[in-house]
Amino acid sequence: MRWLLAKDLRLLRRSPLLLGTLVIYPLTIALLIGFAVSSPPGKPAVAVYSGVRAGQGKIAFGSQRISLAGYADQLFSSIDRIPASSPRQAVADVRDGRALAALIIPAGIDHQIQQLITNGLGNPTVQVVLSSRNPLERQLAHDAIQTRVDAVQYAVSRELLKTVAADLRKLLDGGTVSFLGRSIHLLGLRGSEAIVRRTIASLPRVSSQRPALKQVISFAQVAIAGLAIAGPGIGGVTAPLTVRQSAIDASTTPTVNYAVAIAAVVLLMFVALLVAAGMLALERAEHAYERLVRGLVSREALLAEKVVLAAACALVMTLAVVAAIAIFVSLDWGRFELWVLALALGAAAFAALGVAVGAIARDVSVASLLAFLISLPVAFIALVPAQAVSSGVRTALAVISFLFPFRPALTATAAAFSPGPLGVGGALLHLVALTAAYLLLARVALTRFAER
Amino acid sequence: MDDRPAAALSAQGLTHRFGARMALEDVSFDVHAGELVAVIGPNGAGKTTLLSLLAGVLSPSGGSVRRPAGRRSVGWVPQQPALYSRLTVTENLELFARLERRPDPRRSAAAMLEQAGLAERADELVSRLSGGNQQRVNIAIGLLGEPAVLLLDEPSSSLDPRQRERLWEFIVALAGRGTGVVYSTHDLLEARRHADRVAALDAGRLVYSGPPAGMEWEL
């Protein structure tokens, strides 16, 4: 087998155009797909528990009142809301896969916000629990919630600023304000100044007008209190709500590492599939197949040689590209052995799929075209967030993804690139099983490989 | 009674079907050392099927083939040159010599280059050789295992007259050294001129087997 391997490597080396295409095309596609993955569209399913009862949740800013319900409606318009009866139920929905995230709005958050903008005290907090099973899905849910929370922050801030501005005007010009449940008439700074000026002008040096002075003192006290309201209010308007975010489930793959894993597996897939399918079909195109299997090499050994060749090419190229990317992205080098294992098993599965394609297609051009036609949809299907499609389509996509190596290779590679719990044994076994199945399929297809 | 030594290759009652189609039916056939046997017949007569069965490329649906002892007792040269076009002549020969597990692959390849008269083209890519020279390399590879019998499937079909002439000099010399040679051809002149014996097939049946002189030729 080693002589056939040496021969194939020599043939690849002598086909610079083919070699260049095999390097540049998959690399470009891999990087495009990997780094384009940032904010997938769609409404994520989010379990929502709200401790604020219907009809409540009103916040007063001076004479203004804001209903939180209006902003909740805005939030819910961007998600597929699953009502939860308790915070525990919301988290359970995420854990069981019914929801991508849980949004927990505690009881009394309206009072907390009121306290914050009135007294500058407190830290109103909503809790977001994200599923980290799939970083893309996690990003989808995070973005949808964060966008709406930002909108609420902005709306509340805007209303509060209006109120504070009105109160400041009253402090300046005078008027009636509501403070601690009482209606107070404010003289205003300008009026106070005039009174003080008149009083000073009319009074003898030895005598003073006590009521007027009391009024000035009262105004001063109220003005100080008014500024005390405006100060913390303005401080709190930038972010009246705090979002406390946490993740559940085993994996905690950062999105950027996941993108690198996608790029790596796409590259692995293209190189392994194309080399395996093309090099097997080339044996037939060169009319060498019949000569080889006439006792020189068994059909099984020939398939194994093509798988080893294609997997080795794909593995070396992918590791080189990942090592280059790792200069800019923090990957877990402590798991290098696992990188190699995950990528090697992925490459073997893709290469086995490639020889099956080559054996079935027989012709080099048909085999190459078929390899391309299979690759792209398989990759895209495996990358579709499960929660972004209906349950029927989700099942179909899951079945298709199960039959091809992309998803298990991605699961294993993504886990290998990142710190955190592993749990990739199932994915690696899946790859081994797929390799065996494709080799069997290829061997059966070889029975009519030589026919013309 | 045939007083020649035992046949180098013998087929008894060979039958082969491709699905429902009978490609070859009850063909018996012997080849002796140094004998040149031409297999003739129209398209679809079963010539390539017969050679493929004798070579072991196909397994017969019925009947048997007895080959000489030894790992590579029968050499096979398919109709299309079975060569790697992006390897040189030497690289092709050395690769197949290694796969044939020759004790000294380089020496075997060099010997074949001399025998095929291709020593001067040894380092050229096969894709740059003429059709005749590609066929020579093709035959040389079939001979690497030093087979007792060499099977050639229409070896001259794609060659011009000059190339054919050189090829036949090579094949006749090979038979002169004791190798049994079986070749299929459409060219009746080639069969009558070079063969010691002719096997004529028609619709998968052997309709004549004997010396060329025993046939009525309509050229």
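Letters go in sequence order (proteins before strands), and every chain restarts at 1. The structure displayed is predicted, hence computed values, not measured ones.
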The single option from B:Leu50, B:Leu51, B:Thr49 passing side chain to side chain contact (heavy atoms under 4.5 Å, CB included) against B:Leu58: B:Thr49
Segment of A:Leu292 engaging chain B (4.5 angstrom heavy-atom cut-off): side chain
Interface residue of largest heavy-atom contact number with chain B, from A:Leu11, A:Val297, A:Val293, A:Leu4, under 4.5 Å: A:Leu11
Counting heavy-atom pairs closer than 4.5 Å to chain A, which one of [options] comes out on top?
| options | value |
| --- | --- |
| B:Val77, B:Asn92, B:Leu87 | B:Leu87 |
| B:Phe18, B:Tyr84, B:Trp76 | B:Tyr84 |
| B:Ser52, B:Ser85, B:Gly56 | B:Ser85 |

Ring geometry between A:Phe372 and A:Phe270 (parallel below 30°, tilted from 30 to 60°, perpendicular above 60°): tilted
Mutual orientation of the aromatic rings belonging to B:Trp168 and B:His194 [parallel < 30°, tilted 30-60°, perpendicular > 60°]: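 Taking B:His194 first and then B:Trp168, their aromatic rings lie parallel (interplane angle under 30°).
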Check: B:Ser10 main-chain N/O paired with B:Asp30 side-chain donor or acceptor under 3.5 Å: no
Side-chain donor/acceptor of B:Arg102 to backbone N/O of B:Ala97, under 3.5 Å: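 Looks like no, no N/O pair under 3.5 Å.
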Proximity breakdown for B:Phe96 and chain A, heavy-atom pairs closer than 4.5 Å: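 Just its side chain gets close to chain A.
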